[in-house]
**Q** 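Pasting a structure below so you can have a look.
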Amino acid sequence: MKVQALLQTSFPKLKLFAKGKVRDIYEVGDYLLLVSTDRISAFDVIMEQGIPYKGMVLTKISEFWFNYTKDIIPNHMVTTNVEEYPSECKEYADDLIGRSMLVKKAKVIPIECIVRGYISGSGWKDYKNTGAISGISLQKGLQESEKLNKPIFTPSTKAEIGDHDENISADEAIEITDKKTFDAVETASKNLYKKVSGYALTKGIIIADTKFEFGKVNGDIILVDEVLTPDSSRFWPLDKYEKGRGQESYDKQFVRDYLLSINFNKQPPPPPLPEDIIKKTSEKYLDIYKKLTGQSLI
Ligand SMILES: Nc1ncnc2c1ncn2[C@@H]1O[C@H](COP(=O)(O)OP(=O)(O)O)[C@@H](O)[C@H]1O
Ligand SMILES: [Mg+2]
């Protein structure tokens, strides 16, 4: 069966609020409607083809974690049940079912709240160059993918589409936010990581690192955006984990590896993705959903 990926939405009767790399966001009264398309970005460039089921997987995984973490911090989720959406959404139900979430509109705190339990990606790069990540000095001699003594909070800037996020120090993050907000999101991020990484381990998955976003509603800080999805986290299969090298991961690795293999210059326009890369990536997304939640999406 060939399944069509959804790349764009068009809901003329709803007010478009923003289009992100992956999500189309509509404003409905005091709420936002987050619609996860099947778009995929790699090296911050959005590919021309979509990944079937990706938008659904992102939405369902976020929903799962919002429920699982609401005792730590409240979040923006109102419902994913289209029947409970405001009436003006209902004529778009076919595109909304399974891939959308009605959320409270928040004033987003403009830093990316990254927690790392293992050293990888840009953290590994920074550590190799400076011995530190986001101004946090780490012990000498760490190997790639090694588990850290304790998880660290390494905020980054929230780049505009096309730009790359940059790790920043606590002082820089406090400058962008304020001390009280910074302390609150740091504590929440670490507490969230602790709970979810422990759960994931019982399912055979290491959450190496992850990115949270927070927002304010009437002065209260809540968890927003997507949470603990393959797009916002590094998930590694526990049984294949070994420090001293990069790990296989449950996400866009096939896409990234393919792009590297053809020497993609990381600038638009992107090259077309071969059919088997699209199919394998779709399977990876479905697989992680099943591993984490024990349920099948299709
Ligand atoms: N509850 C919320 N209120 C306002 N903005 C939100 C909320 N949740 C998420 N957002 C914003 O919506 C956007 C999500 O779309 P996405 O495609 O992930 O964008 P990006 O390309 O910035 O990652 C992000 O910019 C995020 O900050
Ligand atoms: Mg995003």
**Q** When rounded to the nearest 0.5 angstrom, what distance separates CD in Glu242 from CD in Glu146?
**A**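 Going from the CD atom of Glu242 to the CD atom of Glu146 covers 12.5 Å.
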**Q** Indicate, with yes or no, if the rings of Phe153 and Phe182 have centres closer together than 6.0 Å.
**A**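 Between Phe182 and Phe153, which both carry aromatic rings, the centre distance is below 6.0 Å.
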**Q** Is there side-chain contact between Ile109 and Ile111, with heavy atoms separated by less than 4.5 Å?
**A**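 Yes - at least one pair of side-chain heavy atoms lies under 4.5 Å apart.
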**Q** Check whether more than 12 heavy atoms from other residues, nucleotides or ligands sit under 6.0 Å from atom NZ of Lys279, and answer yes or no.
**A**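 Atom NZ in Lys279 is not crowded, with 12 or fewer foreign heavy atoms closer than 6.0 Å.
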**Q** Under 6.0 Å from the CG atom of Asn218, do we count more than 12 heavy atoms belonging to anything else shown?
**A**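 No, because the 6.0 Å sphere around CG of Asn218 holds 12 heavy atoms or fewer from other groups.
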**Q** To the nearest 0.5 Å, tell me how far Tyr289 OH sits from Ile298 CD1.
**A**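 CD1 of Ile298 is found 12.0 Å from OH of Tyr289.
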**Q** Thinking salt bridges, do Lys179 and Asp171 make one under a 4.0 Å N-O criterion?
**A**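 Salt bridge between Lys179 and Asp171, a charged N being under 4.0 Å from a carboxylate O: no.
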**Q** Answer yes or no: is there a side-chain heavy-atom contact under 4.5 Å between Ile207 and Tyr193?
**A**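 Answer yes - side chains close enough.
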**Q** Using a distance-only test with no angle check, is there a side-chain donor-acceptor pair under 3.5 angstrom linking Glu84 and Thr79?
**A**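 Present: a donor and an acceptor within the cut-off.
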**Q** So do the side chains of Leu192 and Leu223 get within less than 4.5 Å of each other, counting heavy atoms only?
**A**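 The answer is yes; the side chains approach within 4.5 Å.
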**Q** How many angstroms lie between OH in Tyr199 and CD1 in Ile205, if you round to the nearest 0.5 Å?
**A**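 Between Tyr199 OH and Ile205 CD1, I get 8.5 Å after rounding to 0.5 Å.
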**Q** Is a salt bridge present between Asp231 and Lys21, judged by a nitrogen-to-oxygen distance below 4.0 Å?
**A**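 No.
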**Q** Suppose we call two aromatic rings close when their centres sit under 6.0 Å apart. Are Tyr31 and Phe17 close by that rule?
**A**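 For Tyr31 and Phe17, the ring centres are not under 6.0 Å apart.
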**Q** Around atom NZ of Lys194, are there more than 12 heavy atoms of other residues, nucleotides or ligands at under 6.0 Å?
**A**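 No, the 6.0 Å shell around NZ holds no more than 12 heavy atoms from other groups.
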**Q** Check for a donor-acceptor pair, side chain of Thr130 on one end and backbone N or O of Ala132 on the other, with a separation under 3.5 Å.
**A**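 Here the side-chain-to-backbone pair exists.
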**Q** Taking Met101 as the starting point, is it possible to reach Val22 by hopping between hydrophobic residues whose side chains are less than 4.5 Å apart?
**A**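 Linked within one cluster.
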**Q** Judged by modelled atom types alone, do Arg116 and Thr154 share a side-chain donor-acceptor pair under 3.5 Å?
**A**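 Judged by distance alone, the side chains do pair up.
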**Q** Does a salt bridge link Lys240 with Glu248, judged by any charged N lying under 4.0 Å from a carboxylate O?
**A**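 Here Lys240 pairs with Glu248 in a salt bridge, since their nearest N and O are under 4.0 Å apart.
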**Q** Does a side-chain heavy-atom distance below 4.5 Å link Lys70 with Asn75?
**A**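 Side-chain contact under 4.5 Å: yes.
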**Q** Is a side-chain donor-acceptor pair under 3.5 Å present for Ser169 with Glu172?
**A**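 Present: a donor and an acceptor within the cut-off.
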**Q** Check the angle between the aromatic planes of Phe64 and Tyr68 and answer parallel, tilted or perpendicular using the 30° and 60° thresholds.
**A**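 Rings of Phe64 and Tyr68: parallel, under 30°.
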**Q** Where is the tightest heavy-atom contact between Ser249 and Trp236, given as atom of each residue plus distance?
**A**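 Shortest heavy-atom contact: CB-CD1, 3.9 Å.
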**Q** Is Gln253 atom CD crowded by more than 12 heavy atoms from other residues, nucleotides or ligands, each under 6.0 Å away?
**A**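 Yes, CD of Gln253 has more than 12 neighbouring heavy atoms, counting only those of other groups under 6.0 Å.
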**Q** Determine, using ring centers only, whether Phe264 and Tyr258 are less than 6.0 Å apart.
**A**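 So the answer is no for these two rings.
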**Q** In terms of side-chain heavy atoms, does Lys19 have a donor or acceptor partner in Gln8 at a distance below 3.5 Å?
**A**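 Yes - a donor-acceptor pair under 3.5 Å links their side chains.
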**Q** Membership question, hydrophobic clusters at under 4.5 Å side-chain separation (ILVMFWY): are Leu286 and Trp65 in the same one?
**A**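 Result: yes, single cluster for both.
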**Q** Check this for me, if you would: do Glu144 and Arg245 make a salt bridge, where the nitrogen-to-carboxylate-oxygen distance has to be below 4.0 angstrom?
**A**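 Here Glu144 does not pair with Arg245 in a salt bridge, since their nearest N and O are not under 4.0 Å apart.
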**Q** Linking I/L/V/M/F/W/Y whenever their side-chain heavy atoms sit closer than 4.5 Å, directly or via other members, would Val217 and Phe66 fall into one cluster?
**A**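 Each belongs to a different hydrophobic cluster.
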**Q** For Thr181 and Asp178, does a side-chain donor sit closer than 3.5 Å to a side-chain acceptor?
**A**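 Yes, side-chain donor-acceptor contact under 3.5 Å.
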**Q** If you define the side chain from C-beta out and look only at heavy atoms, does anything of Thr210 sit under 4.5 Å from Arg234?
**A**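 Result no, sub-4.5 Å side-chain heavy-atom pair not found.
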**Q** Please tell me whether Ile61 and Leu201 are part of a single hydrophobic cluster in this structure, the criterion being side-chain heavy atoms less than 4.5 Å apart.
**A**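 Same hydrophobic cluster.
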**Q** Atom SG in Cys89, atom CG in Leu33: separation rounded to 0.5 Å?
**A**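 One finds 5.0 Å between SG of Cys89 and CG of Leu33.
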**Q** Just wondering, more than 12 heavy atoms not from Asn81 lying within 6.0 Å of its CG?
**A**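 Counting neighbours around CG of Asn81, more than 12 heavy atoms of other residues, nucleotides or ligands fall under 6.0 Å, so yes.
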**Q** Indicate whether any N or O donor in one side chain lies under 3.5 Å from an N or O acceptor in the other, for Glu63 and Thr80.
**A**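 Their side chains do contain a donor-acceptor pair, which is all the 3.5 Å distance test asks for.
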**Q** Quick check on the 6.0 Å ring-centre criterion: do Phe11 and Tyr26 meet it?
**A**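 Yes, the ring of Phe11 comes within the 6.0 Å limit of the ring of Tyr26, centre to centre.
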**Q** Please check if any side-chain donor atom of Ser145 sits under 3.5 Å from a side-chain acceptor atom of Gln247, or the reverse.
**A**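 Checked: Ser145/Gln247 side chains pair up, N/O donor to acceptor below 3.5 Å.
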**Q** With the threshold set at 4.0 Å, does a side-chain nitrogen-carboxylate oxygen contact exist between Asp220 and Lys216?
**A**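 No, no charged N to carboxylate O under 4.0 Å.
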**Q** For a quick check under 3.5 Å, do Ser100 and Tyr85 share a side-chain donor-acceptor pair by atom type?
**A**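 Tyr85 and Ser100 do have a side-chain donor-acceptor pair below 3.5 Å.
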**Q** Considering all heavy atoms of both residues, which atom of Ser232 and which atom of Leu228 are nearest to each other, and what is their separation?
**A**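 Nearest heavy atoms, Ser232 then Leu228: OG-N, 3.4 Å.
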**Q** Can any side-chain N or O of Ser62 pair as donor or acceptor with the backbone N or O of Val227 at less than 3.5 Å?
**A**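 Yes; judged by distance alone, with no hydrogens or angles, the pair exists.
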**Q** Answer whether the closest heavy-atom distance between the side chains of Leu102 and Met77 falls below 4.5 Å.
**A**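 Side chain of Leu102 against side chain of Met77, heavy atoms only: no contact under 4.5 Å found.
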**Q** Evaluate whether atom CD of Glu83 has more than 12 neighbouring non-hydrogen atoms of other residues, nucleotides or ligands under 6.0 angstrom away.
**A**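 It does not: Glu83 CD has 12 such atoms or fewer within range.
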**Q** Answer yes if the side chains of Thr9 and Tyr92 hold a donor-acceptor pair under 3.5 Å, and no otherwise.
**A**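 Tyr92 and Thr9 do not have a side-chain donor-acceptor pair below 3.5 Å.
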**Q** Is Thr293 close to Lys203 at the side-chain level, that is, under 4.5 Å between some pair of heavy atoms?
**A**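 No; the side chains remain at least 4.5 Å from each other.
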**Q** Are the charged groups of Lys266 and Asp44 less than 4.0 angstrom apart, N to O?
**A**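 No, no charged N to carboxylate O under 4.0 Å.
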**Q** Rounded to the nearest 0.5 Å, what separates atom CD1 in Ile51 from atom CD1 in Ile40?
**A**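 These two atoms lie 4.5 Å from each other.
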**Q** Just how far is it from atom CD of Glu27 to atom NZ of Lys15, taken to the nearest 0.5 Å?
**A**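 Nearest 0.5 Å value for the CD-NZ distance: 4.0 Å.
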**Q** Taking the hydrophobic residues Ile, Leu, Val, Met, Phe, Trp and Tyr, and joining any pair whose side-chain heavy atoms are under 4.5 Å apart, which ones share a cluster with Ile119?
**A**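 In the cluster with Ile119 are Trp124, Tyr127, Ile133, Ile136, Leu138, Leu142, Leu148, Ile152.
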**Q** Cluster partners of Ile114, using ILVMFWY side-chain heavy atoms under 4.5 angstrom, listed by chain and number?
**A**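 When side chains under 4.5 Å apart are linked, Ile114 ends up in no cluster with other residues.
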**Q** Is Lys190 salt-bridged to Glu186, going by a charged N under 4.0 Å from an acidic O?
**A**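 Here Lys190 pairs with Glu186 in a salt bridge, since their nearest N and O are under 4.0 Å apart.
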**Q** Side chains of Thr281 and Ile277, heavy atoms from C-beta outward: is any pair under 4.5 Å?
**A**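 The answer is yes; the side chains approach within 4.5 Å.
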**Q** One thing to verify: whether Lys211 and Asp225 come together as a salt bridge, which I'm taking to mean a side-chain N less than 4.0 angstrom from a carboxylate O.
**A**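 The answer is yes: the pair qualifies as a salt bridge.
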**Q** Under a single-linkage definition using a 4.5 Å side-chain heavy-atom cutoff for Ile, Leu, Val, Met, Phe, Trp and Tyr, are Val28 and Val108 assigned to the same hydrophobic cluster?
**A**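 No, because Val28 and Val108 fall into different hydrophobic clusters, even though each may have its own neighbours under 4.5 Å.
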**Q** Can we say Lys290 and Glu283 salt-bridge, meaning some charged N sits less than 4.0 Å from an Asp/Glu carboxylate O?
**A**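 Not counted as a salt bridge, because no side-chain N and carboxylate O are separated by less than 4.0 Å.
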**Q** Under 6.0 Å from the NZ atom of Lys107, do we count more than 12 heavy atoms belonging to anything else shown?
**A**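 No - once you tally the heavy atoms of other residues, nucleotides and ligands closer than 6.0 Å, there are 12 at most.
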